[in-house]
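Atoms within each ligand, like the ligands themselves, are counted from 1 in listed order. Everything numeric in this text was worked out from a predicted model, so none of it was measured. Values below: every heavy atom of this structure, side chains too, minus hydrogens, waters and symmetry copies.
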Amino acid sequence: MGARTSTLNAKEDADRVYHRKRCVVRSAVHSENTSFLSARIQHFIDSGTLDQRRDDMRAKTAVVLGAQWGDEGKGKIVDVLSERFSAVARYAGGHNAGHTVIIGGQKFILQLIPCGVLRPTCKGIIGNGVVLDPIAFLKEVAKLRGLGVAVDAQLFVSNRAQVILPYHRMIELAAESAPGRKKIGTTSRGIGPAYEDKMARSGLRVVDLLRPELLKTHIEAACAEKNAIVKALFGTGTAPLDPARMFDEYAAAAEEVRPFVTDTGRVLNKILAAGGSVMFEGAQGTMLDIDHGTYPFVTSSSATAGGAATGTGVGPTAIGTVISVTKAYVTRVGEGPFPTEIKGAAGEELRARGNEYGAVTGRPRRCGWLDIPLLRYSNQVNGAEWLVVTKLDVLDTLAEIPICVGYEIDGKVTDEIPADVEGLEQVKPRYTTLKGWQEPTEGITEFEKLPRAAKEYLRFQERESGARIGMVSTGPDRDQTMVLDDFAAALDTIHA
Ligand code: IMP
């Protein structure tokens, strides 16, 4: 990890003294009746007061998530921070995510497996909120084994996670290209249809994937239904799926997945009860969240901090700090509103400098200026305390850097983020322009060594967004990272 450096806005920091109320769980004790929870509460009683233990657990957890539309560079940040954590747990999404990590020049792209497994001391958990494509999972496992990562010892898959099957992809491809349907620009991995089945209570969970008779009946019934739906809705252009072949392939895959499967909620709670630490690794970003994002141009899961509790089985009272990752500018892949999008040559230049192409699909990312109203909204939804700013060096060549500081809709200035797509498309961003630094910042690991204008850019972002900057990334490698003092102190309470 890079060197520690000083606080950005000392006065604002002093104003933001943060008092955490201790959580009183005694009342809950009376209603606990399962043996596991009773044992856990007994453990708290044995090792200190209940509220103290709960505070200790909370101090040992952090959610790391994306502030905008994904691709903020979470992979690298999770990787850098993971040395302090006993486990890293994915809580939402599937192999639509693409987390790029570069260690000593070697590049790893992880889609489903949490970045934590790249540290030999860290467990990787695929939580119940994830949708798991067994074939994609096994490919990723094989790749990591080939690179010498001890996935077999470190990786656990929730028995309650939902399974993606080939008909989910078939439905998605048909829906995305059907006339009259809104094109979302999905990653075509079957993510949305798998979550649809989960909510319709007709999905297959990992625990059931492991029961061949149940798997067979499920596949037969689902194929009959999905083939009929695709034919009725989208015509005969898509070949029907063969349930017998599908069963053979997935029954074989299930046996390879089996050794990884467990009750991961139980594993995580045990780690915390024993004094260990857990990081919750978000996928996608806040504005792709099914509830809080730019609906319908969103993914189908809860990418925001709240999803960490439902997506892992760790209760919200045990979840501590929220760390939100943002680039020094903004990008988006796929369709949907993007108020600060830069059209034309300037956008293309930023794309080229930032190498802004999707890690999963290779699609060019749309680029835009930093959007403070959106960042404030994102911080509010997530309860974010800390910001991590990535790719600062991509702005190195610019003489001036516009930042959106307000929205104007129908001639009126507002700080409200419209809930509807039309409203967001009508937004006229109001910009302020900061001076660029036009000096290389790549690899700088101390705040004081940054050019003055770069420091101002970061201070401005911190002041306006309401969350404190804890880390800044100035290049793709683990070591090209600076950690600010207060954040480093907060992290010091967390040890794997
Ligand atoms: P889906 O998640 O494949 O259903 O795609 C829904 C939307 O989320 C599309 O706009 C995708 O481009 C976007 N999306 C999904 N995963 C990611 C990601 O990891 N990074 C950026 N965008 C994503």
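The closest approach between any non-hydrogen atom of Phe297 and ligand 1 is not below 4.0 Å. The closest approach between any non-hydrogen atom of Gln284 and ligand 1 is below 4.0 Å. At a 4.0 Å cut-off, not a single heavy atom of Ser300 sits close enough to ligand 1 to count as contact.
Applying the 4.0 Å criterion to heavy atoms of Ile184 picks out, from ligand 1, the atoms 10 (O). Heavy-atom proximity to Trp69, at under 4.0 Å, picks out these atoms of ligand 1: 21 (C), 22 (N). In the vicinity of Asp71, heavy-atom distances shorter than 4.0 Å reach the ligand 1 atoms 20 (N), 21 (C). Here is the list of ligand 1 atoms found below 4.0 Å of a heavy atom in Val333: 10 (O), 12 (O), 21 (C), 22 (N). Less than 4.0 angstrom separates some heavy atom of Thr186 from each of these atoms of ligand 1: 1 (P), 3 (O), 4 (O), 5 (O), 9 (C). For ligand 1, the atoms closer than 4.0 angstrom to any heavy atom of Leu288 are 8 (O), 13 (C), 14 (N), 22 (N), 23 (C).
The backbone N or O of Cys367 lies less than 3.5 Å from no partner atom in the side chain of Arg351, so there is not a single donor-acceptor pair. Side-chain atoms of Glu140 come within 3.5 Å of backbone N or O of Ile113 as a donor-acceptor pair.
Of the protein's non-hydrogen atoms, Asn96 O, 3.8 Å is the one closest to atom 18 (C) of ligand 1. Residue, atom and distance of the protein heavy atom nearest to atom 3 (O) of ligand 1 are Thr187 OG1, 2.5 Å. For atom 7 (C) of ligand 1, the closest non-hydrogen atom of the protein is Val298 O, 3.8 Å.
The line from CG of Leu375 to CG of Leu387 is 5.5 Å long, rounded to the nearest 0.5 Å. The CH2 atom of Trp369 sits 4.0 Å away from the CD1 atom of Ile342 when rounded to the nearest 0.5 Å. In this structure, Gln154 CD and Ile125 CD1 are separated by 10.5 Å, a value rounded to the nearest 0.5 Å.
The shortest N or O to N or O distance between Glu335 and ligand 1 is not below 3.5 Å. Looking at Arg189 next to ligand 1, no N or O pair under 3.5 Å apart turns up. Polar contact check, Thr299 against ligand 1: a nitrogen or oxygen pair lies under 3.5 Å apart.
With Gly334, Gly185, Pro193, Pro296 as candidates, the residue nearest to atom 9 (C) of ligand 1 on a non-hydrogen basis is Gly185.
Classification of the Trp69-Phe338 ring pair by plane angle, with boundaries at 30° and 60°, yields tilted.
Nearest heavy atom pair, residue Lys182 against residue Pro296, reads CD-CG, 3.7 Å.
Of the charged side-chain nitrogens involved, none lies within less than 4.0 Å of a carboxylate oxygen, so that Arg189 and Asp133 do not count as a salt-bridged pair. A salt bridge is absent between Glu72 and Lys327; no separation between the charged side-chain nitrogens and carboxylate oxygens falls under 4.0 Å. Under 4.0 Å is where a charged nitrogen must lie from a carboxylate oxygen, and between Arg353 and Glu348 no such pair does.
With a heavy-atom cut-off of 4.0 Å, Arg363 touches ligand 1 through its side chain alone.
Between Ile102 and Phe108 there is no side-chain heavy-atom pair separated by less than 4.5 Å.
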